[in-house]
Amino acid sequence: QVQLVESGGGLVQAGGSLRLSCAASGISFDDPMRFTTATMGWYRQAPGKQRELVATIGNGDVTNYVDSVKGRFTISRDNAVKTVYLQMNSLKPEDTAVYYCKAVIWGAAYWGQGTQVTVSS
């Protein structure tokens, strides 16, 4: 079994901050050494829109971001506890979406259940 569990979503005022967490477990992530080989990412889907990639982080900690969040969001990982984070600062109403965690390891992709982020103006 493989499981990705997101947490940290909620309601926040525009200009505020939120930190999302994604904890990995299961046979493909049975120890921190194995977790380090996974490419992790955050995606989001707003109502009526396509799901889009927000940020990725590789096993060498190389990161990539969609242009709309550069300078505001930071993706990071703690391999010792098999967790990836998304620090979101200066939030805007257009950031409102369901945020999903994704892991890719050995050519297989796994998704979390999603966590709702709502930014009010």
Side-chain angles (χ1 to χ4, degrees):
Q1 297 181 350
V2 173
Q3 190 173 30
L4 301 174
V5 179
E6 301 103 329
S7 62
L11 176 65
V12 65
Q13 297 266 346
S17 297
L18 216 55
R19 189 179 78 155
L20 306 183
S21 298
C22 173
S25 63
I27 191 65
S28 294
F29 308 103
D30 59 351
D31 60 63
M33 187 73 72
R34 184 166 294 181
F35 180 79
T36 65
T37 70
T39 296
M40 307 296 297
W42 287 97
Y43 293 71
R44 66 186 180 186
Q45 187 166 19
K49 296 184 178 180
Q50 296 276 85
R51 186 174 298 186
E52 67 171 348
L53 186 149
V54 178
T56 61
I57 183 166
N59 63 3
D61 290 349
V62 175
T63 59
N64 193 28
Y65 301 89
V66 67
D67 286 344
S68 60
V69 309
K70 287 181 179 177
R72 300 189 298 119
F73 291 10
T74 302
I75 188 171
S76 62
R77 64 196 296 164
D78 187 339
N79 293 328
V81 295
K82 299 183 291 183
T83 302
V84 63
Y85 306 95
L86 185 67
Q87 178 67 47
M88 304 183 294
N89 298 326
S90 302
L91 282 162
K92 304 174 180 179
E94 50 263 45
D95 295 318
T96 295
V98 177
Y99 283 70
Y100 298 91
C101 178
K102 182 184 179 182
V104 178
I105 183 169
W106 294 102
Y110 304 94
W111 292 89
Q113 83 288 351
T115 185
Q116 176 70 48
V117 172
T118 302
V119 184
S120 62
S121 60

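Every heavy atom of this structure was used, including side-chain atoms; hydrogens, water molecules and symmetry mates were not. For the single chain, residues carry numbers from 1 onward in sequence order.
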Asks: So which heavy atom on Ser21 is nearest to which on Trp42, and how close?
Replies: O-CH2, 3.7 Å
Asks: Please assess Thr39 against Asn59 for the test side chain to side chain contact (heavy atoms under 4.5 Å, CB included), listing each intermediate value before the final yes or no.
Replies: CA-CA 6 Å; Thr39 296; Asn59 63 3; 5.9 Å; no
Asks: Identify the two heavy atoms, one from Arg72 and one from Leu91, that lie closest to each other, and give their separation to 0.1 Å.
Replies: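 It is NH1-CA, 3.9 Å.
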Asks: Report yes or no: do Val81 and Met33 belong to one cluster of Ile/Leu/Val/Met/Phe/Trp/Tyr joined by side chain heavy-atom distances under 4.5 Å?
Replies: no
Asks: From Lys92 NZ over to Ser121 OG, what is the distance, rounded to the nearest 0.5 angstrom?
Replies: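 Lys92 atom NZ to Ser121 atom OG measures 14.0 Å (nearest 0.5 Å).
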Asks: So Thr96 and Val117, do their side chains get closer than 4.5 Å, heavy atoms only?
Replies: no
Asks: Can you measure from CG (Leu18) to CG (Asn89) and round to the nearest 0.5 angstrom?
Replies: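 The CG atom of Leu18 sits 10.0 Å away from the CG atom of Asn89.
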Asks: Linking directly or through intermediates, with side-chain heavy atoms under 4.5 Å: list the remaining ILVMFWY members grouped with Val98, chain and number order.
Replies: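 Members besides Val98, by chain and number: Tyr43, Leu53, Tyr100, Trp111.
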Asks: As an exercise, state the distance from OG1 of Thr63 to CZ of Phe73, rounded to the nearest 0.5 Å.
Replies: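 Answer for the OG1-CZ pair, Thr63 versus Phe73, is 14.0 Å.
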Asks: Minimum heavy-atom separation for Val84 to Cys101, with atom names?
Replies: CG1-SG, 3.8 Å
Asks: Has the side chain of Arg77 got a donor or acceptor atom that lies under 3.5 Å from a matching backbone atom of Gly58?
Replies: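 Confirmed, Arg77 side chain pairs with Gly58 backbone.
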Asks: Side-chain heavy atoms under 4.5 angstrom apart, residues restricted to Ile, Leu, Val, Met, Phe, Trp, Tyr: same cluster for Met40 and Val104?
Replies: no
Asks: Would you mind checking if Lys70 and Asp67 are paired as a salt bridge, meaning a charged N to carboxylate O distance below 4.0 Å?
Replies: yes
Asks: Which pair of non-hydrogen atoms, one from Leu86 and one from Ala55, has the smallest distance, and what is that distance?
Replies: CD1-CB, 4.3 Å
Asks: Does some side-chain heavy atom of Ile105 sit less than 4.5 Å from a side-chain heavy atom of Tyr110?
Replies: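 Yes; the side chains approach each other to less than 4.5 Å.
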Asks: Distance check, rounded to the nearest 0.5 Å: Gln3 atom CD versus Cys22 atom SG?
Replies: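 Here the rounded value is 10.0 Å.
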Asks: Sub-3.5 Å donor-acceptor pair from the side chain of Tyr65 to the main-chain atoms of Ile75, do we have one?
Replies: yes
Asks: Are the side chain of Lys82 and the backbone of Ser25 linked by a donor-acceptor contact shorter than 3.5 Å?
Replies: no
Asks: Keeping the roles fixed (side chain from Glu6, backbone from Gln113), state whether a donor-acceptor pair exists under 3.5 Å.
Replies: yes
Asks: Looking only at non-hydrogen atoms, find the nearest pair between Ala97 and Arg44 and report the distance.
Replies: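 So the two residues come closest at CB-CB, 3.8 Å.
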Asks: Who passes side-chain contact (heavy atoms from CB on, under 4.5 Å) against Thr36, sequence neighbours left out?
Replies: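 With neighbours one apart ignored, the set is Asn79.
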Asks: Any side-chain heavy atom of Ile57 within less than 4.5 Å of one from Val62?
Replies: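 Of all side-chain heavy-atom pairs linking Val62 with Ile57, none is under 4.5 Å.
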Asks: Spell out, yes or no, whether Tyr85 and Met88 are grouped together once hydrophobic residues are joined by side-chain heavy atoms under 4.5 Å, including indirect joins.
Replies: no
Asks: Does the side chain of Gln116 come under 3.5 Å of the side chain of Thr118 through a donor N or O and an acceptor N or O?
Replies: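 Present: a donor and an acceptor within the cut-off.
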Asks: Could you tell me which non-hydrogen atom of Ser90 sits nearest to which non-hydrogen atom of Ser17, and how far apart they are?
Replies: N-OG, 4.4 Å
Asks: Can you check whether Ile27's main-chain N or O pairs, donor with acceptor, with Arg34's side chain at less than 3.5 Å?
Replies: yes
Asks: Same cluster or not: are Trp106 and Leu4 linked, directly or through other Ile, Leu, Val, Met, Phe, Trp or Tyr residues, by side-chain heavy atoms under 4.5 angstrom apart?
Replies: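 Yes, Trp106 connects to Leu4 through the hydrophobic network.
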